[in-house]
Amino acid sequence: MRIVLLGAPGSGKGTQSQLLVKTYRVPQISTGDLLREAVASATALGRQAKTAMDQGHLVEDSIVLGMIRERLARADAANGFILDGFPRNIAQAAALENLLAELKQPLEAVVLLNLDLGILFKRLTGRRICEDCGRVFNILTSPPGTPPHCEKCGDKPRLLQRPDDREEVIGKRLEVYDAQTKPLIHHYRENGLLRVVDADADVATVFASLQRAVQGS
Ligand code: AP5
C-alpha cells in the first residue's frame with residue numbers, strides 16, 4: 001500500500017491512518033507529527049517550524065521535504081506507507097513524485113476525506129490529546145467519558161488542546177487548505193489517482209469506505 005490521505009484539517013486523516021496501520025501493517029508518515037516532535041525536542045528546525053504552525057501557516061517546503069526524504073528512506077517504508085498531511089501544495093506533490101520515482105515506489109492512490117466546513121470546525125475545536133500517551137479524544141464527537149478515562153492511562157487523563165486548534169488559528173488553517181492544498185484534488189483527479197470518501201460518518205463507517213476506496217485502486 002502506497003497512498004496519500006488528503007483532506008482538510010480535522011477531516012480524520014490521523015484517525016483513519018491509525019486504523020490503516022493496524023490493518024495493513026505499513027507505517028503512517030505524518031508531517032504534522034514529525035514537525036510536532038521537532039518542536040517538542042526544541043531543535044533548530046522545530047523552533048523554525050513552531051512559528052508557522054502556531055499561526056496556521058504551512059512550514060517551509062524545504063524543511064518538510066527533508067523530513068519526508070529521510071523518513072521514506074527508512075527500512076519500514078520499503079513495503080508501503082500512508083502519507084498523512086503530505087503533500088500539501090503542488091510543489092510538494094511534484095517533489096514527492098520525483099522522490100518516489102527515484103525509489104521506484106510510485107503512488108497507488110490518493111484518497112480525499114471529504115467533509116463540510118461546519119463539521120471540520122466542530123472536530124477541531126473539540127479535539128483533546130492525552131498528555132501521557134497521545135491518544136486523541138474529542139469532547140464533542142467522542143468524549144472520554146464521565147469522569148474522563150483513557151484506556152492506557154486510566155482515570156482523569158490530562159487532556160491537552162493543540163495550540164493550533166484554538167478558534168482563531170483554525171480559520172487560518174482552513175484558509176491555507178483552500179488556497180494551497182485544495183488544488184491537489186484537481187491535480188490527482190487529472191492523473192487518475194484520486195478516490196473520494198465521504199468522511200461525514202462515524203469512524204468505523206468512514207474506515208469501511210476508505211478500505212473500499214483503497215482496494216479499488
Ligand atoms: P497536521 O498535524 O497535518 O494537521 P492537519 O492536516 O491540520 O490535520 P489534523 O491533524 O488537524 O486533522 P486530521 O485530519 O488528522 O483529523 P483527526 O483524525 O485528528 O499539520 C499541522 C501543521 O503542521 C500544519 O498546519 C502546518 O503548519 C504543518 N504541516 C504539516 N504538514 C505540512 C506539510 N506537508 N507542509 C507544510 N506544513 C505542514 O480528527 C480530528 C478530530 O475529529 C479528533 O478529535 C478525532 O477524534 C475526531 N474525529 C475523527 N474522525 C471522526 C469521525 N468519523 N467522527 C467523529 N469524530 C471524528
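We're numbering straight along the sequence, starting at 1. We count ligands from 1, going down the list as the structure has it; atoms in each ligand are counted the same way.
- The nearest heavy-atom contact from the protein to atom 24 (C) of ligand 1 is Arg88 NH2, 3.7 Å.
- Judged by distance alone, with hydrogens and angles left aside, the side-chain atoms of Thr181 form no donor-acceptor pair with the main-chain N or O of Asn89 at under 3.5 Å.
- Nearest protein heavy-atom neighbour of atom 49 (C) of ligand 1: Thr15 OG1, 3.4 Å.
- Listed for the Glu108 side chain is a donor-acceptor partner under 3.5 Å among the backbone atoms of Arg2.
- Ligand 1 has no nitrogen or oxygen under 3.5 angstrom from a nitrogen or oxygen of Val206.
- For atom 12 (O) of ligand 1, the nearest non-hydrogen atom of the protein is Gly10 N, 2.9 Å.
- Between Arg162 and ligand 1 there is a heavy-atom distance shorter than 4.0 Å.
- Residue contacts with ligand 1 for Thr205 are absent, since no atom lies close enough (heavy atoms, distance under 4.0 Å).
- Contact between Arg128 and ligand 1 is absent, with no heavy atom of the residue lying under 4.0 Å from the ligand.
- For the pair Ser11 and ligand 1, the shortest N or O to N or O distance falls below 3.5 Å.
- Looking at Leu35 against ligand 1, only its side chain comes within 4.0 Å, counting heavy atoms.
- Among residue pairs with one or both ends in residues 111-122, none qualify as side chain to side chain donor-acceptor pair (under 3.5 Å); sequence neighbours excluded.
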Can you check salt bridge (Lys or Arg N to Asp or Glu O under 4.0 Å) on Lys172 and Glu167, steps first, answer last?
CA-CA 9 Å; Lys172 183 40 124 185; Glu167 281 192 35; over 6 Å; no

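- With a heavy-atom cut-off of 4.0 Å, Gln16 does not touch ligand 1 at all.
- For atom 53 (N) of ligand 1, the closest non-hydrogen atom on the protein side is Ala201 O, 2.8 Å.
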